[in-house]
Amino acid sequence: MIEREETSAVDPDYLGFIHNIKQSTGIDLAEYKEAQMKRRLTTLRMKNGYGSFADFFAAMMKDKALFYEFLDRMTINVSEFWRNPNRWEVLRDIILPELQRSGRKLKLWSAACSTGEEPYTLAMILQDKGILSQTGITATDIDDGALAKAKQGLYLERSLKDVPTDVAARYFKPEGPMFKVSEELKRNIEYRKQNLLTDKFDTGYDLIICRNVMIYFTEEAKHKLYHKFAAALRPGGYLFVGSTEQIFTPSQYGFESTETFFYRKK
Ligand SMILES: C[S@@+](CC[C@H](N)C(=O)[O-])C[C@H]1O[C@@H](n2cnc3c(N)ncnc32)[C@H](O)[C@@H]1O
């Protein structure tokens with residue numbers, strides 16, 4: 001027999017929690033896939049010894065550390081430099097040269113950038129092409145803690161495992177047991193807090209990188225987001241998504257699929 005997931009429709013305690021979180025933080029948990037999110041938050045709630053989501057929320061409002069633990073659990077900050085390296089090669093060798101042909105200063109955005117590995121990967125590629133200082137990179141995330149780590153730019157050696165050795169030598173310096181990303185990369189990235197699901201987007205982007213976050217969103221939330229991304233791109237601009245985040249009917253958003261996981265705005 002298939003066991004059915006309990007949904008918020010029959011779980012007023014969780015539904016109340018969603019409502020309270022939205023009221024107090026603006027984060028709408030209803031736009032994230034429910035089964036996954038509820039499972040993660042139930043584990044956290046039980047680990048902290050709360051019998052209901054109502055008690056858990058009340059405790060969180062008094063205890064900042066618990067609130068940050070909740071944020072940490074709901075956001076999932078896992079990231080890597082050069083995540084799926086062959087896609088970054090496509091960006092470097094095919095997409096960026098095409099964008100450069102316009103001769104314009106490129107406007108680039110790493111959306112849901114987590115702790116910075118993604119915008120720094122982009123910055124390394126641009127610097128190697130000699131065009132970093134003539135481009136604008138914005139990197140955003142909903143999570144202040146992740147953004148603070150991104151700005152700091154200090155990483156464990158193991159997170160450099162996919163960075164080509166010569167690239168790592170150019171852009172990282174050992175600092176105690178950690179590795180620090182170079183100032184020239186940091187200088188060229190502007191970090192900002194932003195909720196992709198509720199905040200307005202800037203426009204005129206040549207490239208938006210949004211990887212490994214849309215998998216957590218409901219179909220409706222994704223649908224709205226694809227429209228917002230399409231409106232934020234210039235014609236001919238690209239959306240670069242994660243390797244499990246294929247868009248099934250890109251044409252309904254005005255996109256055409258060119259390379260795998262790259263969508264060009266028509
Ligand atoms: C798994 S990480 C992906 C990081 C990076 N893009 C990558 O592919 O390696 C997901 C990130 O999405 C962020 N996030 C989750 N919900 C968000 C939202 N509504 N708006 C903006 N960022 C969000 C989380 O804080 C987290 O840093």
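All values derive from a computational prediction rather than experimental measurement. Values reported hereafter were calculated over all heavy atoms of this structure, with side chains retained and with hydrogens, waters and symmetry mates removed. Both ligands and their constituent atoms are indexed starting at 1 by order of listing.
- Closest heavy-atom approach to atom 1 (C) of ligand 1 within the set Ile27, Thr75, Ile76, Asp199: this belongs to Ile76.
- Protein heavy atom closest to atom 23 (C) of ligand 1, with residue, atom name and distance, is Ile142 CG2, 3.4 Å.
- Tyr191 does not carry Lys151 over the face of its six-membered ring by the limits of under 6.0 Å from the centre and within 45° of the normal.
- The proximity of Gln194 to ligand 1, defined as any non-hydrogen pair under 4.0 Å, is limited to the backbone.
- Using a 3.5 Å distance cut-off with no hydrogens or angles, the side chains of Ser243 and Asn84 do pair a donor with an acceptor.
- If you check each of Arg211, Lys193, Glu117 against atom 3 (C) of ligand 1, the one with the closest non-hydrogen atom is Arg211.
- At a 4.0 Å heavy-atom cut-off, ligand 1 touches Asn195 through backbone and side chain alike.
- Every ring-ring contact (aromatic ring centres under 6.0 Å, His included) that Tyr155 has, sequence neighbours left out, goes to Phe81.
- Ala146 approaches Asp141 most closely through the heavy-atom pair CB-OD1, 4.4 Å.
- Near Ser114, meaning under 4.0 Å from any of its heavy atoms, are these atoms of ligand 1: 4 (C), 27 (O).
- At least one donor-acceptor pair closer than 3.5 Å links the side chain of Glu245 to the backbone N or O of Ile215.
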Candidate pair Lys22 and Asp28, rule salt bridge (Lys or Arg N to Asp or Glu O under 4.0 Å), full reasoning: CA-CA 5 Å; Lys22 191 170 177 188; Asp28 189 357; 3.6 Å; yes
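- With a 4.0 Å cut-off on non-hydrogen atoms, Ala146 does not touch ligand 1 at all.
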